[in-house]
Amino acid sequence: MTDTSSHSLLFRVARRAAILIGTTSAVAIAGALAYSGAGTLAARADLAPTVAAAPPLPVTTASLVLADSYTIRTEYSGRVEARQRTAIGFEQGGTIAALPLDEGDRVAEGAVVARLDTRALEADLAARVAARDALAARRDLAELTADRQKALLDGNHVSRQRYDEARLAVAGLEAEVRAAEATITSIEIALDKAVIRAPFDAVVGARRADVGARVAGGAPVIDLFEAAAPRFRAGLPAEVAAQIAPGDALEIEIGGITHAATVERLRDDIDPVTRTRDVLLALPEGAQAADGALGHITLTREVAGTGGWVATAALGEGIRGLWTLYLVDDTGAGPVARREAVELIHLDGDRAFVRGALPDGVQIVAEGPHRVADGQRIAPSPES
């Protein structure tokens with residue numbers, strides 16, 4: 001039977017007693033019964049188990065050190081590029097007779113990269129040389145004839161007309177010889193241009209045709225890029241680019257490897273699409289960076305502002321855009337956690353720069369703020 005049921009029974013008995021023996025006696029009986037019920041409740045209360053106080057919650061703590069500024073690290077993406085790159089083709093069309101290099105091969109400046117079939121040009125050259133020699137022979141004969149006509153003219157044996165005809169015949173043949181030599185030179189130039197030579201020490205990027213292919217004049221046949229140390233190009237916001245200058249040393253990370261690069265030059269124009277200025281940096285000699293590889297520049301700058309660095313694991317969500325930290329507050333009866341609202345100023349990986357009503361050197365709960373309540377007893381353990 002519950003306590004409420006016991007009280008109801010007592011009052012029903014008292015009421016019945018009041019009817020039977022009078023009010024005064026009923027009150028006495030009711031009091032006796034009530035005293036008996038109260039004794040029963042007290043006895044039951046004595047039998048209830050006593051709840052022990054919860055032990056302090058073990059927490060890891062860290063010391064908060066205040067500073068007057070913080071450092072911002074910003075990364076800007078870029079790519080590795082060769083200093084020179086060219087897609088080479090023949091000036092005149094023809095059939096490819098030789099293409100000795102393959103992708104990835106290295107070639108020295110002046111080495112043959114590709115060659116056209118030049119048999120027709122060589123035959124034409126031979127014919128032109130023969131024609132020039134024939135003209136040269138006719139010219140030599142004309143010179144001899146002119147000399148004889150001059151001797152006869154001096155003896156008044158021929159007319160000046162005959163001498164002039166012989167003299168001008170020499171001049172005409174001389175002009176034809178020069179024209180023939182010019183044609184020969186043109187063919188020799190065509191033969192020279194039927195061979196592609198590397199314009200610089202290079203690496204073969206791609207072959208766009210194969211031996212036996214018919215190519216048009218100007219069509220790319222092979223791609224070459226300079227084998228010397230490449231450079232790095234990145235686009236920076238105009239206000240950031242204005243803070244660096246040629247000769248500055250910057251760190252570039254490419255494929256997980258950090259390189260010490262030097263600023264070579266800054267372009268003055270701003271890209272109309274990205275609204276950035278290109279900066280070109282020289283990679284150190286021997287840098288193993290493939291052409292076209294992506295990387296990033298890391299720039300740092302100091303920003304004024306009082307606050308301290310804390311691990312992001314120490315932050316809990318607050319209200320109205322704020323965050324919370326739990327400070328270790330020793331009240332005399334033992335350390336307790338005290339919640340404090342802070343403003344997050346800057347986030348850098350797994351740490352954050354915050355500001356608020358924070359004393360310098362105060363101990364904070366370094367992790368697991370969701371396990372802690374404001375005013376809870378804690379057992380601090382400084383992190384290693």
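Quick caveat: nothing in here was measured; it's all calculated off a predicted structure.
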Which pairs pass salt bridge (Lys or Arg N to Asp or Glu O under 4.0 Å) with one or both residues in [range], sequence neighbours excluded?
range	result
residues 307-332	D329-R338
residues 90-102	E91-K193
residues 237-265	R83-E264

Can you name the nearest heavy-atom pair linking [X] to [Y], along with the distance?
X	Y	value
V80	P230	CG1-CB, 3.7 Å
A234	S77	CB-O, 3.5 Å
P380	P335	CD-CG, 3.6 Å
V211	L99	CG2-N, 3.8 Å
L116	Q92	CD1-O, 3.6 Å

So does [Y] get a backbone contact from the side chain of [X], meaning a donor-acceptor N/O pair under 3.5 Å?
X	Y	answer
R207	L101	yes
D105	V204	no
D117	R119	yes
R277	R267	yes
T324	G316	yes
Q376	A373	yes
T183	A179	yes

Report the hydrophobic cluster partners of I378, with the cluster defined as I, L, V, M, F, W, Y residues connected by side-chain heavy atoms closer than 4.5 angstrom, directly or transitively.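 Answer for I378: L57, V59, Y326, V328, V365, V372.
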Members sharing V112's hydrophobic cluster (side chains within less than 4.5 Å):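 Hydrophobic cluster check, V112: joined to V195.
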I'd like to check V354 versus L315 (side-chain heavy atoms, cut-off strictly below 4.5 Å). Are they in contact?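 Heavy-atom side-chain distance check passes, below 4.5 Å.
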Check whether any side-chain heavy atom of V263 lies under 4.5 Å from a side-chain heavy atom of V279, and answer yes or no.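 SC-SC contact between V263 and V279 confirmed.
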Taking only Lys NZ, Arg NE, NH1 and NH2, and the carboxylate oxygens of Asp or Glu, determine whether [X] and [Y] approach each other closer than 4.0 Å.
X	Y	result
R275	D271	no
R231	E81	yes
R167	D164	yes

Under the rule for ring pair (Phe, Tyr, Trp, His ring centres under 6.0 Å), what residues qualify as partners of Y70, not counting sequence neighbours?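 Testing Y70 for ring pair (Phe, Tyr, Trp, His ring centres under 6.0 Å), a comparison that skips the adjacent residues, returns H346, F353.
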